[in-house]
Amino acid sequence: MVTMALPSSAPQHASLPASQVGIAVRHPILVRARDAAATERLGYAGNLTPYEAFELISTRLARLVDVRTPEERKFVGYIPDSLHVAWMTGTALLRNPRFVRELEGKVLKDEILLFLCRSGQRSAAAAEAATRAQFKNAFRVDEGFEGDLDERKQRGTKGGWRFYSLPWVQD
């Protein structure tokens with residue numbers, strides 16, 4: 001098993017008290033992401049780098065929602081304390097019709113949510129769907145867990161959570 005531990009300030013449960021959500025949404029990282037999202041006309045709150053996402057979850061300002069399949073989490077690895085709500089399911093990778101309902105069962109609509117997938121494509125779609133379902137703070141983590149394909153058609157060498165040696169585990 002590969003293990004990289006989160007610092008002691010990392011969330012055991014990342015939910016912020018309602019009184020602090022308003023303060024958190026004004027965090028400079030989120031303000032920058034929202035401004036860029038408005039300029040780019042994104043259908044969700046904005047994009048964050050893996051380092052920015054790590055800062056927000058390790059200071060308990062946000063919750064990380066991993067939208068990859070259970071198989072990806074098991075065989076590739078996952079981020080400790082992340083929530084799992086698959087955007088797509090099965091070997092055919094069909095959109096999970098229960099995605100919003102499952103998300104509603106795990107988080108509050110005003111929480112700051114950071115969506116992560118393998119490379120950033122599914123997480124953008126998931127953040128858009130969450131925004132349409134009235135989640136107020138749905139952000140996407142750029143580059144995802146593994147990053148883009150390199151010239152040899154392999155992942156893990158051009159960005160992504162693991163590339164930057166941020167905390168993750170693999171059972």
Side-chain angles (χ1 to χ4, degrees), residues 5-70 72-73 77-89 94-145 160-161 164 166-169:
L6 284 169
S8 60
S9 63
Q12 298 305 309
H13 65 297
S15 186
L16 276 178
S19 62
Q20 292 182 359
V21 171
I23 295 167
V25 297
R26 293 190 299 272
H27 190 285
I29 289 173
L30 299 178
V31 170
R32 181 213 47 85
R34 282 187 194 284
D35 289 347
T39 300
E40 297 171 34
R41 295 186 175 149
L42 299 178
Y44 52 93
N47 296 314
L48 304 174
T49 69
Y51 285 118
E52 290 170 332
F54 175 69
E55 180 179 331
L56 293 171
I57 64 168
S58 64
T59 57
R60 303 178 116 175
L61 294 178
R63 298 185 79 175
L64 188 71
V65 181
D66 189 336
V67 300
R68 296 175 301 150
T69 66
E72 286 174 291
R73 286 173 54 92
Y78 59 93
I79 299 162
D81 300 318
S82 60
L83 299 173
H84 180 239
V85 182
W87 174 249
M88 300 179 122
T89 60
L94 300 173
R95 187 182 177 289
N96 176 2
R98 297 174 309 282
F99 175 78
V100 170
R101 257 181 299 156
E102 290 176 20
L103 188 61
E104 288 171 335
K106 293 184 178 187
V107 298
L108 300 174
K109 290 201 172 187
D110 64 345
E111 288 185 73
I112 298 165
L113 305 176
L114 313 182
F115 292 90
L116 175 104
C117 65
R118 180 185 63 207
S119 64
Q121 302 307 308
R122 286 175 284 171
S123 55
E128 269 190 52
T131 300
R132 284 192 307 273
Q134 307 303 310
F135 285 87
K136 298 174 185 158
N137 301 294
F139 293 84
R140 170 187 159 258
V141 179
D142 282 334
E143 303 173 14
F145 190 73
W161 189 275
Y164 297 113
L166 295 168
W168 64 282
V169 295

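For A53, the side-chain contact (heavy atoms from CB on, under 4.5 Å) partners two or more places apart in sequence, or in a different chain, are L114, V141, W161. Remark: Y78 pairs with no residue by the ring-ring contact (aromatic ring centres under 6.0 Å, His included) rule, at least two apart or across chains. Partners of D142 under the side-chain hydrogen bond (donor to acceptor under 3.5 Å, both in side chains) rule, at least two apart in sequence or in another chain, are R140. When the side-chain contact (heavy atoms from CB on, under 4.5 Å) test is applied to Y51, the partners found at least two apart in sequence or on another chain are T49, Y164, L166. Looking at residues two or more places apart in sequence or on another chain, you find a salt bridge (Lys or Arg N to Asp or Glu O under 4.0 Å) between R132 and E128. The salt bridge (Lys or Arg N to Asp or Glu O under 4.0 Å) check on R122 picks up E72, with sequence neighbours excluded. For K109, the side-chain hydrogen bond (donor to acceptor under 3.5 Å, both in side chains) partners at least two apart in sequence or on another chain are E104. With sequence neighbours left out, A33 forms a side-chain contact (heavy atoms from CB on, under 4.5 Å) with L48, F139. Not a single salt bridge (Lys or Arg N to Asp or Glu O under 4.0 Å) links R34 to another residue, sequence neighbours left out. Among residues two or more places apart in sequence or in another chain, the side-chain hydrogen bond (donor to acceptor under 3.5 Å, both in side chains) test is passed with S82 by R73. With sequence neighbours left out, R101 forms a salt bridge (Lys or Arg N to Asp or Glu O under 4.0 Å) with no residue at all.
Among I29, L30, I57, the single residue meeting the side-chain contact (heavy atoms from CB on, under 4.5 Å) criterion with E52 is I29.
Summarising the geometry, atom CE belonging to M88 is positioned 11.5 Å from atom CZ belonging to F99; distances are rounded to the nearest 0.5 Å. In this structure, I112 CD1 and K136 NZ are separated by 12.0 Å, a value rounded to the nearest 0.5 Å. The CG atom of L113 sits 14.0 Å away from the OH atom of Y44 when rounded to the nearest 0.5 Å.
Closest of all the heavy-atom pairs between P50 and G160 is CG-C, 4.3 Å. A pairwise comparison of heavy atoms in A37 and G46 identifies CB-CA, 3.6 Å as the closest pair. Taking every heavy atom of both residues into account, S123 and C117 meet most closely at N-SG, 3.3 Å. Closest of all the heavy-atom pairs between T131 and A45 is OG1-N, 4.4 Å. Shown here for G77 and R68, the closest heavy-atom pair between the two residues is O-NH2, 2.7 Å.
Between F145 and D66 there is no side-chain heavy-atom pair separated by less than 4.5 Å. No side-chain heavy atom of I79 sits under 4.5 Å from any side-chain heavy atom of F54. Side-chain contact between K106 and R63 is absent, with no heavy atoms from C-beta onward closer than 4.5 Å.
Here the side chain of N137 pairs a donor or acceptor atom with the backbone of D110 at under 3.5 angstrom.
Screening residues 37-46 for salt bridge (Lys or Arg N to Asp or Glu O under 4.0 Å) gives no qualifying pairs among residues at least two apart or on separate chains.
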Full working for side chain to side chain contact (heavy atoms under 4.5 Å, CB included) between N96 and W87:
CA-CA 5 Å; N96 176 2; W87 174 249; 5.9 Å; no
